[in-house]
Amino acid sequence: MAEPKVRILADVAVETRDKLQEVVQALNITKKEFFDLVIEEYHKKYVRNEN
């Protein structure tokens with residue numbers, strides 16, 4: 001089953017989208033991989049209270 005596509009960046013400023021593109025290019029990852037990493041880190045920190 002394919003993952004649903006979510007438009008997270010729909011209301012984000014152009015400058016923010018450009019910065020995101022620069023970051024993912026520098027890290028050589030996809031935007032999805034970037035968001036997966038960020039969400040996992042915040043989930044650990046704020047939901048599971050792991051530092």
Side-chain angles (χ1 to χ4, degrees):
M1 180 182 226
E3 293 184 28
K5 299 208 183 290
V6 178
R7 292 191 44 121
I8 295 173
L9 301 176
D11 295 329
V12 175
V14 173
E15 296 84 9
T16 303
R17 274 186 248 166
D18 292 346
K19 288 177 187 175
L20 172 62
Q21 189 60 39
E22 290 175 8
V23 170
V24 297
Q25 285 178 346
L27 295 172
N28 196 29
I29 61 175
T30 66
K31 291 176 187 174
K32 181 193 178 309
E33 290 169 327
F34 176 79
F35 282 110
D36 286 347
L37 290 169
V38 171
I39 291 168
E40 180 61 27
E41 287 301 314
Y42 274 82
H43 189 265
K44 281 183 189 176
K45 187 173 182 178
Y46 297 106
V47 177
R48 298 189 311 230
N49 297 318
E50 297 175 13
N51 294 325

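Throughout, numbering of the chain's residues begins at 1 and tracks the sequence.
Looking at residues two or more places apart in sequence or on another chain, you find a side chain to side chain contact (heavy atoms under 4.5 Å, CB included) between E33 and I29, T30.
The distance from atom NZ of K44 to atom CD of E41, rounded to the nearest 0.5 Å, is 4.5 Å.
Heavy-atom contacts from other residues, nucleotides or ligands closer than 6.0 Å to CG of N28 number 12 or fewer.
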With a 3.5 Å cut-off and sequence neighbours excluded, list the donor-acceptor pairs that the side chains of residues 12-23 form with protein atoms.
from, atom 1, to, atom 2, distance (Å)
R17, NE, V12, O, 3.4
R17, NH2, V12, O, 2.8
Q21, OE1, K31, NZ, 3.4

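Follow the hydrophobic side-chain contacts under 4.5 Å out from V38 and you never reach V47; the two are in separate clusters.
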